[in-house]
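Input: a single structure, listed below in structure tokens.
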There are 2 protein chains.
Amino acid sequence: MLKEERQHNILNEVELHNRVLLTDLAEKLDVSIDTVRRDVKELDGENKLVKVHGGAVSTGFANHSPTRNNVYALEEKIVIAQKATSFLKENSVILIDGGTTCLELARLLPANINLTCFTLSLPVAMELLGKPNVETIFIGGMLSKDSQIAIGSNAIHNLSQIKVDYSFIGTGYVDSAFGLTEFDWDIVQTKKAVIQASKKTVLLCISEKLNSQHRFKTCDLNMIDTMITELEPEHPLLESFKNQDLYLL
Amino acid sequence: MLKEERQHNILNEVELHNRVLLTDLAEKLDVSIDTVRRDVKELDGENKLVKVHGGAVSTGFANHSPTRNNVYALEEKIVIAQKATSFLKENSVILIDGGTTCLELARLLPANINLTCFTLSLPVAMELLGKPNVETIFIGGMLSKDSQIAIGSNAIHNLSQIKVDYSFIGTGYVDSAFGLTEFDWDIVQTKKAVIQASKKTVLLCISEKLNSQHRFKTCDLNMIDTMITELEPEHPLLESFKNQDLYLL
DNA sequence: TTAAAAAAAGCAAAATATTGCAAAATACTT
DNA sequence: AAGTATTTTGCAATATTTTGCTTTTTTTAA
């Protein structure tokens, strides 16, 4: 059997059962345990699975976390969040929106600079509570069950009372012509208030959302100061965004 | 079975039931109690759960009260929370405070009556989001890192704008002569505002807190309408509370 | 306080990993 | 085609990890 073929089988097994024992693999593939061990080590190096003592588990299985359970495209979101941290200075006052990408930013906030951080998102707030260097203020309001953020007139009113240096927001959809859109009216209202409350607004946006739109409009692109994606600025997908009044990172 | 797999199962169990006994885990996973103990210790180190004497609880459940913290104390808290649910009617507007006993109440809210529920507590809010029949409003404000509730002038102002049918509150300490006290000034201020915002105030209080006091006073006992403990009303510990203007349950 | 339960520490056996090495298989050069 | 280099594979010797058991210490309940 070819090595590639064998490794493919291993991956299949891991994806299917989430976990495998090296001894089982060796028997099933009819090779020595050393060989499977080496294969698994190699696949682990390529991040195709996670090698553990006695076997291997799928990458999703390894990341079991109450808040970050099955985050789609986690790697890309981490790249985006990491880029966003470059905006932070000592004693910055920022606001972090909801959504998994923004949650990654909350996770990656550097521990060595003091921040004041507003948020509307319950999971983000949970994450920030674990950071000794971050003063956290939750914007109260009615909680949306699916997006887990505060919405409604109360939240909007509370937002009208503050002004932050930077807001880091996500969006459901973004298009170079239509701007930012959502599928939910309440989310849009809240997001508008967030943008009003910030001196600078940074959009964290995974590339798959580029050039998509939905019913309810949050704002035009010119309301956004910076858009961060995981792509290089020269990527063709970003072409239509280049002539906008927008800084790409 | 792989170690990772075992730990995954432990996390599932903890998240499902909020608390587990080491002995139960050992039996269910068919390993020695030492192994389970080591696993739980490791997971605790990764902040995936919180280890307590005799078992483990989910992170949302973690207690920061200055008193005892073990897995069996939850039994009593469940009893208290269960008693508290008898106050609820269709379309009641209630407020749930922070602390593990109040969190138990949030968990045990009946699924068949619609409620509007205010809260200052992040873990309580998380719990309520999972309940389709509960409209949840978070009282915003600065978040206290150890108690995981909103405090400060902002929270107090927001509380001044509402009036609820019932507030269910906890306390750090309670004494029949001194009333309710806390070890933290900010907590006291917020709790005062909660009591102001409620037509009726119900104190959920595990018996070990009876006849204890600390530096900062929240209020006298006559501000409380009902006190719920896990004890029978005839219990000697409750003797000194009997002649107060207080309903014991 | 005392007795019971649980946790921690130390230890040894079993399972698993790592390393170096040589034989076999494969690729490459002339 | 023959010879040489490279990769892959299995094996053995040596670490390391995991696990359950025993003993000691700590915590809890009465």
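Naming convention: chains lettered A, B, ... in sequence-line order (proteins, then strands); numbering from 1 in each chain.
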Under the criterion salt bridge (Lys or Arg N to Asp or Glu O under 4.0 Å), I'd like the reasoning laid out for A:R6 against A:D39: C-alpha separation, chi angles, the key distance, then a yes or no. CA-CA 8 Å; A:R6 206 176 48 229; A:D39 281 339; 2.5 Å; yes
Check the distance between [N]'s [atom2] and [X]'s [atom1] and give it to me in whole angstrom.
| X | N | atom1 | atom2 | result |
| --- | --- | --- | --- | --- |
| B:K51 | C:dA8 | NZ | C1' | 10 Å |
| B:L21 | C:dA6 | CG | C1' | 12 Å |
| A:L22 | C:dA15 | CG | C1' | 11 Å |
| B:Q7 | D:dT19 | CD | C1' | 13 Å |
| B:E208 | D:dA29 | CD | P | 9 Å |
| B:K3 | C:dA15 | NZ | C1' | 13 Å |
| A:R6 | C:dA25 | CZ | P | 15 Å |
| B:L25 | C:dA7 | CG | P | 11 Å |

Please say whether more than 12 non-hydrogen atoms of neighbouring residues, nucleotides or ligands are located less than 6.0 Å from CG in A:D30.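 Open.
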With nearest nucleotide decided by heavy atoms, which residue, A:G54 or B:G55, maps closer to the 5′ end of DNA chain C?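 Whichever sits nearer the 5' end wins; that is B:G55.
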With a 6.0 Å cut-off on the ring centroids, do B:F138 and A:F138 count as close?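 Yes: the rings meet the under 6.0 Å criterion.
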Contact class for B:I33 vs. all strands (heavy atom < 4.0 Å): base, sugar-phosphate, or nothing?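 Answer is nothing: B:I33 stays at 4.0 Å or more from every strand.
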Answer with base, sugar-phosphate or nothing: what part of the nucleic acid does A:V36 contact at a heavy-atom distance below 4.0 Å?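 Contact class for A:V36: none.
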Determine whether a donor-acceptor pair (N or O, by modelled atom type, separation under 3.5 Å) exists between the side chain of A:E230 and the backbone of A:S207.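 Such a contact is found between A:E230 side chain and A:S207 backbone.
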Using atom types as modelled and distance alone, determine if a side-chain donor or acceptor of B:D225 lies under 3.5 Å from a backbone N or O of B:V202.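 Not at all, since once roles are kept as given, no pair shorter than 3.5 Å links the two residues.
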Out of [options], whichever nucleotide has its closest atom nearest the side chain of [X]:
| X | options | answer |
| --- | --- | --- |
| B:H53 | D:dT28, D:dG20, D:dG10 | D:dT28 |
| B:V31 | C:dT18, D:dG20, D:dT8 | D:dG20 |
| B:R37 | C:dA7, D:dG10, C:dT16 | C:dA7 |
| B:D34 | C:dT16, C:dA9, C:dT18 | C:dA9 |

For a quick check, tell me whether the side chain of B:R38 and the base of D:dG20 share a donor-acceptor pair closer than 3.5 Å.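 Such a pair is found, so the answer is yes.
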Respond yes when some side-chain nitrogen or oxygen of A:T35 is under 4.0 Å from OP1 or OP2 of D:dG10, and no when none is.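 Indeed, a polar side-chain atom of A:T35 lies that close.
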